[in-house]
Amino acid sequence: QVQLVESGGGLVQAGGSLRLSCVASGSIFRINDMGWYRQAPGKQRELVAGITSIGVTNYAESVKGRFTISRDNAKNTVYLQMNSLKPEDTAVYYCNADLIVSTNFRKYMYWGQGTQVTVSS
């Protein structure tokens with residue numbers, strides 16, 4: 001069993017900041033890539049930012065320069081620092097992890113339950 005639990009969402013005014021966290025727990029052998037996705041009402045889920053196990057990052061064009069993804073491998077945790085938030089950043093944010101489980105050493109992709117981020121204008 002593996003769980004990803006997000007926290008840190010909420011309501012913020014435009015221009016404000018939030019920091020999301022996602023902790024992976026359970027039968028984990030190794031975590032490879034981790035990432036943050038978001039889904040706004042009526043829209044498809046989209047990649048916001050990703051980070052490899054050695055810290056190589058990639059970002060959606062819409063968040064470059066405003067969001068920063070990081071991870072703490074010792075804590076199985078990935079973070080998303082979101083600055084200069086805009087109303088169009090409003091969405092449910094999901095954590096994602098590509099990992100190898102310790103029960104059978106096979107690779108699986110897991111998702112968190114999502115955390116709501118609402119940016120008011």
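As the structure is a computational prediction, the values presented were derived from the model and not from experiment.
Note that CE of Met109 and CG of Asn32 are 10.0 Å apart. Values are rounded to the nearest 0.5 Å. If you take CZ on Arg106 and CG on Leu99, they are separated by 13.5 Å, rounding to the nearest 0.5 Å. Once rounded to the nearest 0.5 Å, the distance linking OG of Ser121 with CD of Gln13 reads 9.5 Å. Remark: Cys95 SG to Gln113 CD distance equals 9.0 Å, nearest 0.5 Å. Rounding to the nearest 0.5 angstrom, the gap separating the CG atom in Asp33 from the OG atom in Ser53 is 7.0 Å. In this structure, the separation between CD on Gln81 and OG on Ser21 is 9.5 Å, given to the nearest 0.5 Å.
Using modelled atom types, one side-chain atom of Arg66 and one backbone atom of Ser62 make a donor-acceptor pair closer than 3.5 Å. The backbone N or O of Val92 sits nowhere less than 3.5 Å from a side-chain atom of Gln39 that would complete a donor-acceptor pair. Of the possible donor and acceptor atoms, one in the side chain of Glu6 sits under 3.5 Å from a partner among the backbone N and O of Gly114. Under a 3.5 Å cut-off, the side chain of Tyr59 and the backbone N or O of Ile69 do form a donor-acceptor pair. Panel note: side chain Asp89, backbone Val117; no donor-acceptor pair is recorded below 3.5 Å.
Using a 3.5 Å distance cut-off with no hydrogens or angles, the side chains of Arg38 and Tyr93 do pair a donor with an acceptor. Residues Gln116 and Thr118 bring a donor and an acceptor atom of their side chains to less than 3.5 Å of each other. A donor-acceptor pair shorter than 3.5 Å cannot be found between the side chains of Thr77 and Asp72.
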Worked verdict on Leu18 versus Asn83 for side chain to side chain contact (heavy atoms under 4.5 Å, CB included): CA-CA 7 Å; Leu18 283 174; Asn83 298 328; over 6 Å; no

Derivation and outcome, side chain to side chain contact (heavy atoms under 4.5 Å, CB included), residues Val101 and Val2: CA-CA 8 Å; Val101 299; Val2 173; 4.0 Å; yes

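Glu88 CD: more than 12 foreign heavy atoms inside a 6.0 Å radius.
Smallest separation of non-hydrogen atoms from Ala40 and Thr90: CB-O, 3.7 Å. Shortest non-hydrogen contact noted between Ala60 and Leu47 is CB-O, 3.5 Å. When all heavy atoms of Ala49 and Leu80 are compared, the pair lying nearest together is CB-CD1, 4.2 Å. Heavy atoms only, all atoms of each residue included: Asp98 and Lys107 are closest at OD2-CD, 3.3 Å. Closest approach of Met34 to Val78, counting heavy atoms only: CE-CG1, 3.7 Å. Across Leu20 and Met82, no two heavy atoms sit closer than the pair CG-CE, 3.7 Å.
In this structure, Phe29 and Phe105 have perpendicular ring planes: the angle between them is above 60°, well past the 30° mark.
In the hydrophobic clustering of this structure, Val63 does not group with Tyr94; members are Ile, Leu, Val, Met, Phe, Trp, Tyr whose side-chain heavy atoms approach within less than 4.5 Å, directly or through other members.
Checked against the 6.0 Å centroid threshold, Trp36 and Phe67 do not count as a close aromatic pair.
Residues Asn76 and Ile31 form a side-chain contact, since some pair of their non-hydrogen atoms from C-beta on lies under 4.5 Å apart.
The cationic atom of Arg19 (NZ for Lys, CZ for Arg) lies less than 6.0 Å from the six-membered ring centre of Tyr79 and within 45° of the ring axis.
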